[in-house]
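Because the structure is predicted, anything quoted here is derived from the model rather than measured. Quick note on labels: first sequence line is chain A, next is B, and so on, each numbered from 1.
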Amino acid sequence: MTRRVAAPKPRLRSWLESPVAGPLITFLLIFFLLSFVPNFLTMRSVSGIVNAATLTGMITVGITLLMIAGEFDLSAGALMAVGAFLYGGLTMNGSPPLVALLMALIIPGLLGAFNGLLLVWTGIPSFIVTLGTQFIYRGALWVYSGGIMLQTVQQIPIYDVFNGRMDFIADLIKDANFRTALLWLLGVVFLFQYILTRTRFGNHVFAIGGNPGAAKAQGVNVNRTKVICFIISGVLSGFAGVLLFSQYKTAKIATGAGEELKAIASAVVGGALLTGGEGSIVGALIGVMLISMLRTGIILLNLPFIPADNFEAVVGVTIVGAAILNNWIRSRA
Amino acid sequence: MSGNGTDTPVVHMEKIVKRFGTITALNQVDFTVNRQEIVGLLGDNGAGKSTLIKVLTGVYPPTSGKIYFEGKLVNITSPRIARALGIETCYQDLALVPHMSITRNFFLGRELTRHLGPIHWLDLHQMDKESRDALRNIGIHIRSPREKVGKLSGGERQSIAIGRAQYFGAKLLILDEPTSALSVGETHKVLTYTLAAKERGLSVIFITHNVGHVYQVADRFVILRHGELVGSYPKEEVTEKDIASLITGERER
(Lines give C-alpha, C1' and ligand atoms only; values in the text may rest on other atoms or scores of the structure.)
Protein backbone atom coordinates (compact mmCIF):
# COMPACT_ATOMS: atom_id res chain seq x y z
CA MET A 1 0.00 0.00 0.00
CA THR A 2 2.90 2.31 -0.64
CA ARG A 3 1.59 3.21 -4.11
CA ARG A 4 1.39 6.94 -4.57
CA VAL A 5 -0.77 8.67 -7.08
CA ALA A 6 0.33 11.84 -8.81
CA ALA A 7 -2.08 14.39 -7.39
CA PRO A 8 -2.16 17.89 -5.92
CA LYS A 9 -0.11 18.44 -2.77
CA PRO A 10 -1.54 16.42 0.15
CA ARG A 11 -2.69 19.45 2.13
CA LEU A 12 -4.44 21.11 -0.79
CA ARG A 13 -5.84 17.78 -1.83
CA SER A 14 -7.32 16.99 1.57
CA TRP A 15 -8.76 20.50 1.74
CA LEU A 16 -10.43 20.10 -1.66
CA GLU A 17 -11.89 16.82 -0.42
CA SER A 18 -13.62 18.54 2.48
CA PRO A 19 -17.28 19.33 1.83
CA VAL A 20 -16.72 23.03 2.54
CA ALA A 21 -14.27 23.53 -0.34
CA GLY A 22 -16.79 23.52 -3.20
CA PRO A 23 -19.33 25.88 -1.59
CA LEU A 24 -16.60 28.29 -0.48
CA ILE A 25 -15.06 28.46 -3.94
CA THR A 26 -18.50 29.01 -5.52
CA PHE A 27 -19.34 31.65 -2.91
CA LEU A 28 -16.13 33.59 -3.48
CA LEU A 29 -16.52 33.37 -7.25
CA ILE A 30 -20.05 34.77 -7.19
CA PHE A 31 -19.11 37.36 -4.57
CA PHE A 32 -16.28 38.52 -6.83
CA LEU A 33 -18.61 38.82 -9.84
CA LEU A 34 -21.34 40.62 -7.87
CA SER A 35 -18.85 43.06 -6.35
CA PHE A 36 -18.87 44.92 -9.68
CA VAL A 37 -22.62 45.55 -9.32
CA PRO A 38 -23.32 49.11 -8.13
CA ASN A 39 -24.39 49.34 -4.46
CA PHE A 40 -23.58 45.67 -3.81
CA LEU A 41 -20.52 46.27 -1.64
CA THR A 42 -22.31 48.47 0.88
CA MET A 43 -23.06 47.71 4.52
CA ARG A 44 -26.74 48.13 3.78
CA SER A 45 -26.68 45.35 1.16
CA VAL A 46 -24.40 43.06 3.15
CA SER A 47 -26.45 43.29 6.33
CA GLY A 48 -29.63 42.87 4.30
CA ILE A 49 -28.28 39.69 2.71
CA VAL A 50 -27.30 38.28 6.09
CA ASN A 51 -30.61 39.16 7.79
CA ALA A 52 -32.64 37.64 4.98
CA ALA A 53 -30.72 34.37 5.36
CA THR A 54 -30.97 33.81 9.12
CA LEU A 55 -34.42 32.18 9.33
CA THR A 56 -33.79 29.77 6.46
CA GLY A 57 -30.33 29.25 7.94
CA MET A 58 -31.76 28.01 11.23
CA ILE A 59 -33.86 25.25 9.65
CA THR A 60 -31.05 24.45 7.22
CA VAL A 61 -28.92 23.26 10.15
CA GLY A 62 -31.44 20.55 11.05
CA ILE A 63 -32.16 19.68 7.42
CA THR A 64 -28.43 19.28 6.71
CA LEU A 65 -28.00 17.03 9.74
CA LEU A 66 -30.84 14.85 8.46
CA MET A 67 -29.52 14.81 4.90
CA ILE A 68 -26.13 13.60 6.16
CA ALA A 69 -28.06 10.86 7.98
CA GLY A 70 -29.71 10.05 4.63
CA GLU A 71 -33.16 11.46 5.45
CA PHE A 72 -35.39 14.40 4.51
CA ASP A 73 -37.65 16.62 6.59
CA LEU A 74 -40.25 18.33 4.41
CA SER A 75 -42.25 19.25 7.52
CA ALA A 76 -39.63 21.79 8.69
CA GLY A 77 -41.56 24.74 7.24
CA ALA A 78 -44.79 23.60 8.91
CA LEU A 79 -42.98 23.13 12.24
CA MET A 80 -41.62 26.67 11.86
CA ALA A 81 -45.23 27.89 11.69
CA VAL A 82 -46.14 25.75 14.73
CA GLY A 83 -43.22 27.31 16.67
CA ALA A 84 -44.17 30.83 15.58
CA PHE A 85 -47.83 30.33 16.63
CA LEU A 86 -47.06 28.81 20.03
CA TYR A 87 -44.45 31.42 20.89
CA GLY A 88 -46.44 34.31 19.48
CA GLY A 89 -49.75 33.26 20.99
CA LEU A 90 -48.32 32.59 24.44
CA THR A 91 -46.24 35.78 24.66
CA MET A 92 -49.19 37.85 23.46
CA ASN A 93 -51.53 36.54 26.15
CA GLY A 94 -49.00 37.26 28.86
CA SER A 95 -47.48 33.83 29.54
CA PRO A 96 -43.93 33.93 30.91
CA PRO A 97 -41.53 34.30 27.96
CA LEU A 98 -39.55 31.22 29.05
CA VAL A 99 -42.70 29.07 28.97
CA ALA A 100 -43.53 30.40 25.50
CA LEU A 101 -40.03 29.63 24.28
CA LEU A 102 -39.98 26.12 25.74
CA MET A 103 -43.37 25.26 24.26
CA ALA A 104 -42.22 26.56 20.86
CA LEU A 105 -39.21 24.23 21.03
CA ILE A 106 -40.71 21.15 22.74
CA ILE A 107 -43.89 20.75 20.67
CA PRO A 108 -42.08 20.92 17.29
CA GLY A 109 -39.46 18.61 18.82
CA LEU A 110 -42.16 16.05 19.68
CA LEU A 111 -43.65 16.37 16.20
CA GLY A 112 -40.15 15.80 14.82
CA ALA A 113 -39.91 12.67 16.97
CA PHE A 114 -43.22 11.53 15.47
CA ASN A 115 -41.74 11.94 11.95
CA GLY A 116 -38.75 9.83 12.97
CA LEU A 117 -40.81 7.14 14.69
CA LEU A 118 -43.14 6.84 11.69
CA LEU A 119 -40.06 6.35 9.53
CA VAL A 120 -38.47 3.65 11.67
CA TRP A 121 -41.74 1.85 12.45
CA THR A 122 -43.20 1.78 8.96
CA GLY A 123 -40.05 1.86 6.84
CA ILE A 124 -41.72 4.38 4.52
CA PRO A 125 -39.10 6.82 3.17
CA SER A 126 -38.86 10.04 5.18
CA PHE A 127 -39.49 12.06 2.02
CA ILE A 128 -43.01 10.56 1.90
CA VAL A 129 -43.58 10.53 5.66
CA THR A 130 -42.81 14.24 6.04
CA LEU A 131 -44.54 15.15 2.79
CA GLY A 132 -47.66 13.88 4.58
CA THR A 133 -47.00 15.11 8.10
CA GLN A 134 -46.36 18.70 6.96
CA PHE A 135 -50.04 18.91 5.95
CA ILE A 136 -51.13 17.18 9.14
CA TYR A 137 -49.14 19.67 11.24
CA ARG A 138 -50.50 22.69 9.37
CA GLY A 139 -53.97 21.20 9.72
CA ALA A 140 -53.51 20.79 13.46
CA LEU A 141 -52.29 24.37 13.60
CA TRP A 142 -55.42 25.50 11.83
CA VAL A 143 -57.53 23.70 14.44
CA TYR A 144 -55.44 25.14 17.31
CA SER A 145 -55.60 28.70 16.01
CA GLY A 146 -59.02 28.67 14.41
CA GLY A 147 -57.37 29.64 11.15
CA ILE A 148 -56.79 33.24 12.14
CA MET A 149 -53.65 35.25 11.59
CA LEU A 150 -51.65 36.18 14.68
CA GLN A 151 -50.46 39.76 14.94
CA THR A 152 -49.32 42.11 17.67
CA VAL A 153 -47.97 45.60 18.13
CA GLN A 154 -46.77 44.88 21.68
CA GLN A 155 -43.06 45.24 22.23
CA ILE A 156 -41.95 42.60 24.74
CA PRO A 157 -38.23 42.57 25.63
CA ILE A 158 -37.86 38.90 24.65
CA TYR A 159 -38.59 39.79 21.02
CA ASP A 160 -35.45 41.91 21.04
CA VAL A 161 -33.44 39.12 22.62
CA PHE A 162 -34.24 36.73 19.78
CA ASN A 163 -34.48 39.02 16.80
CA GLY A 164 -33.94 42.64 17.73
CA ARG A 165 -31.89 45.30 16.02
CA MET A 166 -28.30 45.61 17.12
CA ASP A 167 -28.15 49.37 17.09
CA PHE A 168 -24.73 49.51 18.71
CA ILE A 169 -23.26 48.04 15.52
CA ALA A 170 -25.22 50.44 13.32
CA ASP A 171 -23.91 53.26 15.53
CA LEU A 172 -20.33 52.12 14.90
CA ILE A 173 -20.68 51.32 11.21
CA LYS A 174 -23.18 53.26 9.17
CA ASP A 175 -26.01 51.13 7.69
CA ALA A 176 -24.79 47.88 9.32
CA ASN A 177 -28.26 46.81 10.39
CA PHE A 178 -27.55 43.36 11.79
CA ARG A 179 -30.09 41.66 14.03
CA THR A 180 -29.62 39.45 17.09
CA ALA A 181 -30.97 36.40 15.21
CA LEU A 182 -27.60 36.26 13.46
CA LEU A 183 -25.88 35.58 16.78
CA TRP A 184 -28.32 32.75 17.57
CA LEU A 185 -27.75 31.29 14.10
CA LEU A 186 -23.96 31.43 14.42
CA GLY A 187 -24.17 29.83 17.86
CA VAL A 188 -26.34 26.99 16.55
CA VAL A 189 -24.12 26.53 13.46
CA PHE A 190 -20.95 26.20 15.51
CA LEU A 191 -22.62 23.97 18.09
CA PHE A 192 -23.83 21.55 15.41
CA GLN A 193 -20.61 21.70 13.40
CA TYR A 194 -18.90 20.62 16.62
CA ILE A 195 -21.47 17.91 17.38
CA LEU A 196 -21.21 16.51 13.85
CA THR A 197 -17.45 16.42 13.54
CA ARG A 198 -16.26 15.96 17.11
CA THR A 199 -18.73 13.73 18.93
CA ARG A 200 -19.69 10.07 18.89
CA PHE A 201 -23.24 11.00 17.87
CA GLY A 202 -21.93 12.99 14.89
CA ASN A 203 -19.78 10.07 13.83
CA HIS A 204 -22.87 7.85 13.90
CA VAL A 205 -24.87 10.36 11.83
CA PHE A 206 -22.29 10.19 9.03
CA ALA A 207 -22.13 6.40 9.31
CA ILE A 208 -25.90 5.75 9.11
CA GLY A 209 -26.11 8.00 6.05
CA GLY A 210 -23.03 6.59 4.36
CA ASN A 211 -23.62 2.87 4.86
CA PRO A 212 -26.43 1.90 7.26
CA GLY A 213 -25.53 -1.79 7.06
CA ALA A 214 -21.94 -1.16 8.12
CA ALA A 215 -23.08 1.15 10.91
CA LYS A 216 -25.47 -1.50 12.21
CA ALA A 217 -22.82 -4.21 11.95
CA GLN A 218 -20.54 -2.09 14.15
CA GLY A 219 -23.22 -1.75 16.82
CA VAL A 220 -24.54 1.72 15.96
CA ASN A 221 -28.21 2.12 16.89
CA VAL A 222 -29.40 3.33 13.48
CA ASN A 223 -33.04 3.94 14.41
CA ARG A 224 -32.32 5.84 17.60
CA THR A 225 -29.80 8.06 15.83
CA LYS A 226 -32.34 8.86 13.10
CA VAL A 227 -35.10 9.73 15.57
CA ILE A 228 -32.73 12.06 17.45
CA CYS A 229 -31.90 13.83 14.15
CA PHE A 230 -35.62 14.34 13.49
CA ILE A 231 -36.10 15.74 17.01
CA ILE A 232 -33.22 18.19 16.43
CA SER A 233 -34.72 19.27 13.11
CA GLY A 234 -38.09 19.83 14.80
CA VAL A 235 -36.62 21.87 17.65
CA LEU A 236 -34.58 24.04 15.28
CA SER A 237 -37.65 24.59 13.07
CA GLY A 238 -39.59 25.69 16.13
CA PHE A 239 -36.74 28.01 17.04
CA ALA A 240 -36.80 29.47 13.52
CA GLY A 241 -40.49 30.22 14.19
CA VAL A 242 -39.49 32.01 17.41
CA LEU A 243 -36.98 34.15 15.50
CA LEU A 244 -39.57 34.84 12.82
CA PHE A 245 -42.28 36.00 15.20
CA SER A 246 -39.79 38.07 17.19
CA GLN A 247 -38.94 40.03 14.06
CA TYR A 248 -42.25 40.36 12.21
CA LYS A 249 -44.65 39.92 15.17
CA THR A 250 -47.03 38.10 12.90
CA ALA A 251 -47.69 34.47 11.99
CA LYS A 252 -50.20 32.72 9.78
CA ILE A 253 -51.01 29.11 8.88
CA ALA A 254 -48.91 29.40 5.69
CA THR A 255 -45.89 30.84 7.52
CA GLY A 256 -42.67 29.13 6.50
CA ALA A 257 -44.19 27.44 3.44
CA GLY A 258 -41.44 26.45 1.03
CA GLU A 259 -38.69 27.11 3.58
CA GLU A 260 -37.86 23.39 3.74
CA LEU A 261 -37.12 23.32 0.01
CA LYS A 262 -34.92 26.42 0.26
CA ALA A 263 -33.11 24.70 3.12
CA ILE A 264 -32.58 21.52 1.11
CA ALA A 265 -31.28 23.63 -1.79
CA SER A 266 -28.93 25.45 0.59
CA ALA A 267 -27.67 22.18 2.03
CA VAL A 268 -26.97 20.84 -1.47
CA VAL A 269 -25.26 24.06 -2.57
CA GLY A 270 -23.35 23.72 0.72
CA GLY A 271 -21.96 20.32 -0.22
CA ALA A 272 -24.47 17.83 1.23
CA LEU A 273 -25.23 14.73 -0.82
CA LEU A 274 -28.87 13.83 -1.47
CA THR A 275 -27.83 10.21 -0.96
CA GLY A 276 -26.51 10.89 2.55
CA GLY A 277 -23.18 10.32 4.24
CA GLU A 278 -21.65 13.65 3.38
CA GLY A 279 -22.24 17.30 4.12
CA SER A 280 -21.27 20.09 6.44
CA ILE A 281 -23.12 22.59 8.62
CA VAL A 282 -20.65 25.37 7.86
CA GLY A 283 -20.95 24.51 4.15
CA ALA A 284 -24.75 24.75 4.42
CA LEU A 285 -24.42 28.17 6.08
CA ILE A 286 -22.30 29.26 3.10
CA GLY A 287 -25.04 27.84 0.85
CA VAL A 288 -27.78 29.87 2.55
CA MET A 289 -25.70 33.04 2.37
CA LEU A 290 -24.86 32.37 -1.28
CA ILE A 291 -28.51 32.10 -2.29
CA SER A 292 -29.41 35.23 -0.32
CA MET A 293 -26.45 37.12 -1.83
CA LEU A 294 -27.51 36.12 -5.31
CA ARG A 295 -31.04 37.32 -4.70
CA THR A 296 -29.85 40.76 -3.61
CA GLY A 297 -27.37 40.86 -6.48
CA ILE A 298 -30.08 40.13 -9.03
CA ILE A 299 -32.36 42.78 -7.58
CA LEU A 300 -29.56 45.36 -7.69
CA LEU A 301 -28.54 44.38 -11.22
CA ASN A 302 -31.99 45.28 -12.49
CA LEU A 303 -31.57 43.11 -15.59
CA PRO A 304 -34.02 43.67 -18.44
CA PHE A 305 -35.26 40.08 -18.67
CA ILE A 306 -34.91 39.19 -15.02
CA PRO A 307 -36.85 41.60 -12.86
CA ALA A 308 -36.46 41.33 -9.11
CA ASP A 309 -39.52 39.13 -8.72
CA ASN A 310 -38.10 36.56 -11.12
CA PHE A 311 -34.82 36.06 -9.30
CA GLU A 312 -35.79 32.49 -8.43
CA ALA A 313 -34.92 31.43 -11.98
CA VAL A 314 -31.35 32.53 -11.35
CA VAL A 315 -31.32 30.82 -7.98
CA GLY A 316 -32.41 27.63 -9.73
CA VAL A 317 -29.52 27.89 -12.16
CA THR A 318 -27.15 28.41 -9.24
CA ILE A 319 -28.42 25.41 -7.33
CA VAL A 320 -27.88 23.10 -10.28
CA GLY A 321 -24.59 24.78 -11.16
CA ALA A 322 -23.25 24.60 -7.61
CA ALA A 323 -24.15 20.93 -7.32
CA ILE A 324 -22.28 20.22 -10.56
CA LEU A 325 -19.29 22.30 -9.46
CA ASN A 326 -19.16 20.57 -6.05
CA ASN A 327 -19.12 17.18 -7.72
CA TRP A 328 -16.42 18.27 -10.11
CA ILE A 329 -14.18 19.67 -7.37
CA ARG A 330 -14.57 16.52 -5.31
CA SER A 331 -13.81 14.24 -8.23
CA ARG A 332 -10.63 16.20 -8.97
CA ALA A 333 -9.46 16.04 -5.37
CA MET B 1 -17.00 -30.92 25.44
CA SER B 2 -14.73 -30.61 28.43
CA GLY B 3 -12.08 -28.31 29.80
CA ASN B 4 -10.73 -25.23 28.14
CA GLY B 5 -7.44 -26.60 26.86
CA THR B 6 -5.95 -25.79 23.51
CA ASP B 7 -7.57 -28.85 21.97
CA THR B 8 -11.05 -27.50 22.66
CA PRO B 9 -12.52 -26.22 19.39
CA VAL B 10 -13.32 -22.53 19.23
CA VAL B 11 -16.70 -23.35 17.78
CA HIS B 12 -18.58 -26.58 17.59
CA MET B 13 -22.02 -26.61 16.01
CA GLU B 14 -23.96 -29.83 16.50
CA LYS B 15 -26.82 -31.20 14.39
CA ILE B 16 -27.95 -27.75 13.27
CA VAL B 17 -31.35 -27.70 11.59
CA LYS B 18 -32.82 -24.54 10.11
CA ARG B 19 -36.19 -24.52 8.41
CA PHE B 20 -37.92 -21.60 6.75
CA GLY B 21 -41.52 -22.73 6.57
CA THR B 22 -41.46 -25.98 4.64
CA ILE B 23 -37.98 -25.43 3.23
CA THR B 24 -35.10 -27.07 5.07
CA ALA B 25 -32.10 -24.79 4.61
CA LEU B 26 -29.84 -26.79 6.94
CA ASN B 27 -30.33 -30.43 7.79
CA GLN B 28 -28.40 -31.92 10.73
CA VAL B 29 -25.19 -30.06 9.94
CA ASP B 30 -22.15 -30.50 12.19
CA PHE B 31 -19.47 -27.84 11.93
CA THR B 32 -16.28 -27.33 13.93
CA VAL B 33 -13.52 -24.73 13.88
CA ASN B 34 -10.39 -25.49 15.87
CA ARG B 35 -8.04 -23.02 17.49
CA GLN B 36 -5.75 -21.26 15.02
CA GLU B 37 -7.33 -23.03 12.12
CA ILE B 38 -8.48 -21.60 8.80
CA VAL B 39 -11.57 -23.45 7.62
CA GLY B 40 -12.72 -23.03 4.05
CA LEU B 41 -16.54 -23.17 3.97
CA LEU B 42 -17.55 -24.09 0.45
CA GLY B 43 -20.69 -24.82 -1.49
CA ASP B 44 -22.70 -23.72 -4.45
CA ASN B 45 -25.33 -20.98 -4.27
CA GLY B 46 -28.10 -22.12 -1.95
CA ALA B 47 -25.97 -24.82 -0.36
CA GLY B 48 -26.54 -23.30 3.08
CA LYS B 49 -23.18 -21.57 3.71
CA SER B 50 -24.60 -18.21 4.61
CA THR B 51 -27.52 -19.69 6.55
CA LEU B 52 -25.04 -21.64 8.68
CA ILE B 53 -23.02 -18.48 9.33
CA LYS B 54 -26.15 -16.48 10.13
CA VAL B 55 -27.12 -19.10 12.70
CA LEU B 56 -23.63 -18.85 14.20
CA THR B 57 -23.68 -15.04 14.33
CA GLY B 58 -27.15 -14.75 15.86
CA VAL B 59 -28.94 -13.42 12.78
CA TYR B 60 -31.21 -16.50 12.55
CA PRO B 61 -32.16 -18.70 15.48
CA PRO B 62 -31.66 -22.40 14.62
CA THR B 63 -34.76 -24.62 14.48
CA SER B 64 -32.78 -27.17 16.48
CA GLY B 65 -29.17 -27.98 17.32
CA LYS B 66 -26.52 -26.85 19.75
CA ILE B 67 -23.65 -24.40 19.55
CA TYR B 68 -20.58 -24.63 21.78
CA PHE B 69 -18.18 -21.72 21.97
CA GLU B 70 -14.81 -22.58 23.54
CA GLY B 71 -16.40 -25.68 25.00
CA LYS B 72 -19.37 -23.96 26.58
CA LEU B 73 -22.94 -24.34 25.37
CA VAL B 74 -24.10 -20.92 24.21
CA ASN B 75 -27.37 -19.41 23.06
CA ILE B 76 -26.52 -16.82 20.42
CA THR B 77 -29.74 -14.88 19.97
CA SER B 78 -28.36 -11.67 18.44
CA PRO B 79 -25.33 -10.40 16.51
CA ARG B 80 -24.41 -8.41 19.60
CA ILE B 81 -24.03 -11.59 21.63
CA ALA B 82 -21.92 -13.20 18.90
CA ARG B 83 -19.70 -10.18 18.94
CA ALA B 84 -19.34 -10.16 22.71
CA LEU B 85 -18.13 -13.78 22.47
CA GLY B 86 -15.44 -12.70 20.00
CA ILE B 87 -17.03 -13.66 16.69
CA GLU B 88 -16.43 -10.92 14.11
CA THR B 89 -17.84 -11.04 10.59
CA CYS B 90 -16.34 -9.10 7.68
CA TYR B 91 -19.08 -8.81 5.08
CA GLN B 92 -18.07 -7.71 1.64
CA ASP B 93 -20.22 -4.58 1.36
CA LEU B 94 -21.20 -4.06 4.94
CA ALA B 95 -17.77 -3.60 6.41
CA LEU B 96 -16.91 0.07 6.01
CA VAL B 97 -18.45 3.49 5.31
CA PRO B 98 -16.80 4.89 2.15
CA HIS B 99 -17.27 8.60 2.93
CA MET B 100 -15.56 8.28 6.31
CA SER B 101 -11.88 8.20 7.18
CA ILE B 102 -9.96 5.06 8.06
CA THR B 103 -9.80 6.15 11.71
CA ARG B 104 -13.50 6.89 11.97
CA ASN B 105 -14.32 3.55 10.39
CA PHE B 106 -11.86 1.69 12.56
CA PHE B 107 -13.43 2.98 15.78
CA LEU B 108 -17.04 3.20 14.53
CA GLY B 109 -19.35 2.27 17.39
CA ARG B 110 -16.36 2.09 19.77
CA GLU B 111 -15.09 5.66 19.53
CA LEU B 112 -12.53 6.89 22.05
CA THR B 113 -13.62 10.07 23.78
CA ARG B 114 -12.27 12.57 26.26
CA HIS B 115 -14.47 14.58 28.52
CA LEU B 116 -14.64 17.63 30.70
CA GLY B 117 -17.55 17.22 33.06
CA PRO B 118 -20.59 16.29 30.98
CA ILE B 119 -19.04 17.43 27.68
CA HIS B 120 -17.60 14.59 25.62
CA TRP B 121 -15.58 14.84 22.46
CA LEU B 122 -13.81 12.42 20.14
CA ASP B 123 -10.15 11.84 20.84
CA LEU B 124 -9.27 11.93 17.15
CA HIS B 125 -5.54 12.23 17.79
CA GLN B 126 -5.43 9.09 19.90
CA MET B 127 -7.72 7.19 17.50
CA ASP B 128 -5.51 8.15 14.53
CA LYS B 129 -2.46 6.92 16.38
CA GLU B 130 -4.03 3.67 17.55
CA SER B 131 -5.58 2.74 14.24
CA ARG B 132 -2.33 3.45 12.40
CA ASP B 133 -0.29 1.44 14.94
CA ALA B 134 -2.79 -1.42 15.05
CA LEU B 135 -2.80 -1.76 11.27
CA ARG B 136 0.99 -1.47 11.07
CA ASN B 137 1.37 -4.20 13.71
CA ILE B 138 -0.43 -6.65 11.49
CA GLY B 139 1.52 -5.57 8.43
CA ILE B 140 -0.96 -3.16 6.86
CA HIS B 141 0.62 0.17 5.96
CA ILE B 142 -1.69 3.07 5.25
CA ARG B 143 -0.84 6.47 3.81
CA SER B 144 -2.84 8.43 6.35
CA PRO B 145 -5.45 7.38 8.92
CA ARG B 146 -7.47 10.41 7.82
CA GLU B 147 -7.78 9.14 4.28
CA LYS B 148 -11.30 8.31 3.19
CA VAL B 149 -12.05 4.61 2.85
CA GLY B 150 -13.74 5.28 -0.50
CA LYS B 151 -10.33 6.13 -1.94
CA LEU B 152 -8.91 2.73 -1.03
CA SER B 153 -8.89 -0.37 -3.20
CA GLY B 154 -11.12 -3.35 -2.43
CA GLY B 155 -8.20 -5.30 -0.98
CA GLU B 156 -7.14 -2.43 1.24
CA ARG B 157 -10.69 -2.16 2.57
CA GLN B 158 -10.86 -5.88 3.32
CA SER B 159 -7.54 -5.70 5.12
CA ILE B 160 -8.72 -2.79 7.27
CA ALA B 161 -11.86 -4.69 8.24
CA ILE B 162 -9.71 -7.70 9.14
CA GLY B 163 -7.29 -5.50 11.08
CA ARG B 164 -10.14 -3.90 12.98
CA ALA B 165 -11.61 -7.26 14.01
CA GLN B 166 -8.21 -8.39 15.28
CA TYR B 167 -7.58 -5.16 17.18
CA PHE B 168 -10.87 -5.47 19.05
CA GLY B 169 -10.06 -8.94 20.27
CA ALA B 170 -11.87 -11.24 17.87
CA LYS B 171 -11.24 -14.94 18.45
CA LEU B 172 -13.07 -16.14 15.38
CA LEU B 173 -13.02 -14.19 12.16
CA ILE B 174 -15.64 -14.88 9.50
CA LEU B 175 -14.70 -13.65 6.03
CA ASP B 176 -17.63 -13.65 3.63
CA GLU B 177 -16.41 -13.87 0.02
CA PRO B 178 -13.38 -11.70 0.85
CA THR B 179 -11.71 -12.08 -2.54
CA SER B 180 -14.63 -12.31 -4.93
CA ALA B 181 -14.30 -8.82 -6.42
CA LEU B 182 -10.53 -8.44 -6.23
CA SER B 183 -7.65 -8.44 -8.68
CA VAL B 184 -4.92 -11.09 -8.46
CA GLY B 185 -2.55 -8.80 -6.55
CA GLU B 186 -5.24 -7.64 -4.15
CA THR B 187 -6.37 -11.22 -3.54
CA HIS B 188 -2.81 -12.15 -2.67
CA LYS B 189 -2.71 -9.38 -0.05
CA VAL B 190 -5.98 -10.43 1.55
CA LEU B 191 -4.80 -14.06 1.68
CA THR B 192 -1.56 -12.90 3.33
CA TYR B 193 -3.49 -10.98 6.01
CA THR B 194 -5.70 -14.00 6.57
CA LEU B 195 -2.63 -16.15 7.25
CA ALA B 196 -1.20 -13.41 9.47
CA ALA B 197 -4.42 -13.38 11.50
CA LYS B 198 -4.01 -17.12 12.05
CA GLU B 199 -0.38 -16.64 13.11
CA ARG B 200 -1.63 -14.25 15.77
CA GLY B 201 -3.86 -16.91 17.25
CA LEU B 202 -7.19 -16.34 15.52
CA SER B 203 -9.40 -18.91 13.92
CA VAL B 204 -10.88 -18.07 10.55
CA ILE B 205 -13.92 -19.20 8.57
CA PHE B 206 -13.29 -18.38 4.91
CA ILE B 207 -16.51 -18.50 2.87
CA THR B 208 -16.06 -18.57 -0.86
CA HIS B 209 -16.93 -19.94 -4.28
CA ASN B 210 -13.34 -19.74 -5.39
CA VAL B 211 -11.58 -23.01 -4.60
CA GLY B 212 -8.27 -21.62 -5.92
CA HIS B 213 -8.15 -18.79 -3.40
CA VAL B 214 -9.16 -20.71 -0.33
CA TYR B 215 -6.94 -23.69 -1.20
CA GLN B 216 -3.86 -21.49 -0.71
CA VAL B 217 -4.65 -20.69 2.92
CA ALA B 218 -7.12 -23.13 4.47
CA ASP B 219 -6.17 -26.04 6.72
CA ARG B 220 -9.45 -27.84 6.23
CA PHE B 221 -12.43 -27.67 3.91
CA VAL B 222 -16.05 -28.08 4.89
CA ILE B 223 -18.39 -28.63 1.99
CA LEU B 224 -22.16 -28.18 2.01
CA ARG B 225 -24.61 -29.19 -0.68
CA HIS B 226 -28.39 -28.64 -0.64
CA GLY B 227 -28.28 -27.83 3.07
CA GLU B 228 -26.45 -30.99 4.05
CA LEU B 229 -22.89 -31.61 5.11
CA VAL B 230 -20.94 -33.36 2.36
CA GLY B 231 -17.90 -33.70 4.54
CA SER B 232 -14.88 -32.16 6.23
CA TYR B 233 -11.53 -32.70 4.54
CA PRO B 234 -8.04 -31.85 5.81
CA LYS B 235 -5.97 -30.19 3.10
CA GLU B 236 -3.57 -33.16 2.86
CA GLU B 237 -6.38 -35.47 1.78
CA VAL B 238 -7.87 -33.53 -1.14
CA THR B 239 -6.77 -31.69 -4.24
CA GLU B 240 -8.39 -28.55 -5.63
CA LYS B 241 -10.02 -30.73 -8.23
CA ASP B 242 -11.49 -33.06 -5.61
CA ILE B 243 -13.03 -30.11 -3.80
CA ALA B 244 -14.55 -28.72 -6.96
CA SER B 245 -16.19 -32.04 -7.79
CA LEU B 246 -17.45 -32.43 -4.20
CA ILE B 247 -19.10 -29.01 -4.39
CA THR B 248 -20.99 -29.79 -7.57
CA GLY B 249 -21.84 -33.33 -6.54
CA GLU B 250 -19.93 -34.91 -9.39
CA ARG B 251 -18.27 -36.95 -6.73
CA GLU B 252 -19.95 -38.31 -3.58
CA ARG B 253 -17.80 -38.09 -0.45
Looking at every heavy atom in both [X] and [Y], which two are closest together, and how far apart are they?
{"X": "B:Glu111", "Y": "A:Arg200", "answer": "O-NH2, 2.8 Å"}
{"X": "B:His120", "Y": "A:Tyr194", "answer": "O-OH, 3.5 Å"}
{"X": "A:Asn211", "Y": "B:Val97", "answer": "N-CG1, 3.9 Å"}
{"X": "B:Leu108", "Y": "A:Gln218", "answer": "O-CB, 3.5 Å"}

Item to check | Straight-line distance of B:Thr103 OG1 to A:Asn203 CG, nearest 0.5 Å | outcome: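 If we round to the nearest 0.5 Å, B:Thr103:OG1 and A:Asn203:CG are 10.0 Å apart.
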
[X], part contacting chain A, at a heavy-atom distance under 4.5 Å:
{"X": "B:Arg83", "answer": "side chain"}
{"X": "B:Arg104", "answer": "both"}
{"X": "B:Pro98", "answer": "side chain"}

Item to check | Side-chain donor or acceptor of A:Arg198 paired with backbone N/O of B:Trp121 under 3.5 Å | outcome: no

Checklist entry - What part of A:Ile195 gets closer than 4.5 Å to chain B, counting heavy atoms only: side chain, backbone, both or neither? => result neither

Next on the checklist: Looking at chain A, which one of B:Arg146, B:Arg110, B:His99 has the largest number of heavy-atom pairs inside 4.5 Å, strictly under?
Outcome noted: B:His99

